[in-house]
Each structure stands twice: as C-alpha cells, then as structure tokens.
Amino acid sequence: MKKNTKLIFIVLILLIYGITSLALHSFQNHMNREVIHYLVETRNYKKEDFDKVYTQIAKAPLVSTTVIFADEPYARYFYRKENGRIFQYSRAPVKGNDPSYTYKHIEENLP
C-alpha cells in the first residue's frame, strides 16, 4: 500500500509540473506572437526585421518580451502589455553599457 501511495504522489507531482510547464510555454509563445503582431501591424515592421523575440516572466509579476532586431544585434528592446496595450518600456545593450549608443528602434512613447 505504501509503495502505491508513493507512486501516485510522484505521478501527481510530475503531472502538475508538466501541465504548469506547458501552460507557461504556451503563454510565452502567445506573448511573442502578440508583440510581433503589434510591431508588424502598428509599427510597420516585417517579420524578417526581427532576429530574436522571447518572453520572460520575472518578479513582481512582470512579463517582458525582448526583441532584438536583425539590423541591430547588439541592442535589446523590451515590450510589455498593460491594460490591453503593448508598448516599448525600455532598451539596453546586449552586453556591457554604452551611454552614448544611439538606438535605432526606440519608440517615442517611452515612459
């Protein structure tokens, strides 16, 4: 009986982990698509303008989608969704810090 209880417990833990991982991955893909859609439809970019697009979930619940443009591989642009609106809220170099760097894809509505 004890062996069956342990097995059921392990299976339940693995099942919960698998469902949570799948839901997280699905949410990240959804946010990636929403940000790409925003950039293509609102900002007139083409899909080939993007080198990398990925979403991360951080503390305090902050969901941030990072975009690295093909013509600017050393800069990251950060987007998020608030109140149904997607906007660029920051930018940073991929490595290091160069305060004199001029970003090509900065949006005028930055906070």
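Residues: numbered from 1 along the sequence shown.
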- Message: Suppose the criterion is salt bridge (Lys or Arg N to Asp or Glu O under 4.0 Å): which pairs have a residue in residues 11-35, not counting sequence neighbours?
- Response: E34-K81
- Note on the structure: Residue set satisfying side chain to side chain contact (heavy atoms under 4.5 Å, CB included) with H37, at least two apart, ordered chain then number -> E41
- Message: Please enumerate all residues that pass side chain to side chain contact (heavy atoms under 4.5 Å, CB included) together with E48, with sequence neighbours excluded.
- Response: K46
- Do the side chains of E107 and L39 get nearer than 4.5 Å, heavy atoms only? yes
- Members sharing I68's hydrophobic cluster, built from side-chain contacts under 4.5 Å between Ile, Leu, Val, Met, Phe, Trp and Tyr, are V94
- Task: Please go through L14's hydrophobic cluster and name the other residues, only I, L, V, M, F, W, Y counting, with side-chain heavy atoms under 4.5 Å joining them.
- Result: I10
- Would a 4.5 Å heavy-atom cut-off, applied to side chains only, mark Q88 and F78 as touching? no
- Set of ring-ring contact (aromatic ring centres under 6.0 Å, His included) partners for Y45, sequence neighbours left out: F69, H105
- Item | Partner residues of N44 under the side chain to side chain contact (heavy atoms under 4.5 Å, CB included) criterion, sequence neighbours left out | none
- Item | All side-chain hydrogen bond (donor to acceptor under 3.5 Å, both in side chains) counterparts of Y77, not counting sequence neighbours | E72
- Query: Excluding sequence neighbours, so at least two apart, what forms ring-ring contact (aromatic ring centres under 6.0 Å, His included) with Y74?
  - Reply: none
- Query: Taking ILVMFWY side chains as joined if any heavy atoms are under 4.5 angstrom apart, and letting links pass through other members, which residues group with I13?
  - Reply: F9
- Here the gap from H25 atom NE2 to H30 atom NE2, rounded to the nearest 0.5 Å, amounts to 14.0 Å
- Item | Contact check, side chains of N32 and T65, non-hydrogen atoms, under 4.5 Å | yes
- Residue set satisfying side chain to side chain contact (heavy atoms under 4.5 Å, CB included) with Y54, at least two apart, ordered chain then number -> K52, Q56, T66, R76
- Task: Please go through Y17's hydrophobic cluster and name the other residues, only I, L, V, M, F, W, Y counting, with side-chain heavy atoms under 4.5 Å joining them.
- Result: none
- Task: Report the distance from atom CG of D49 to atom CD1 of I36, rounding to the nearest 0.5 Å.
- Result: 11.0 Å
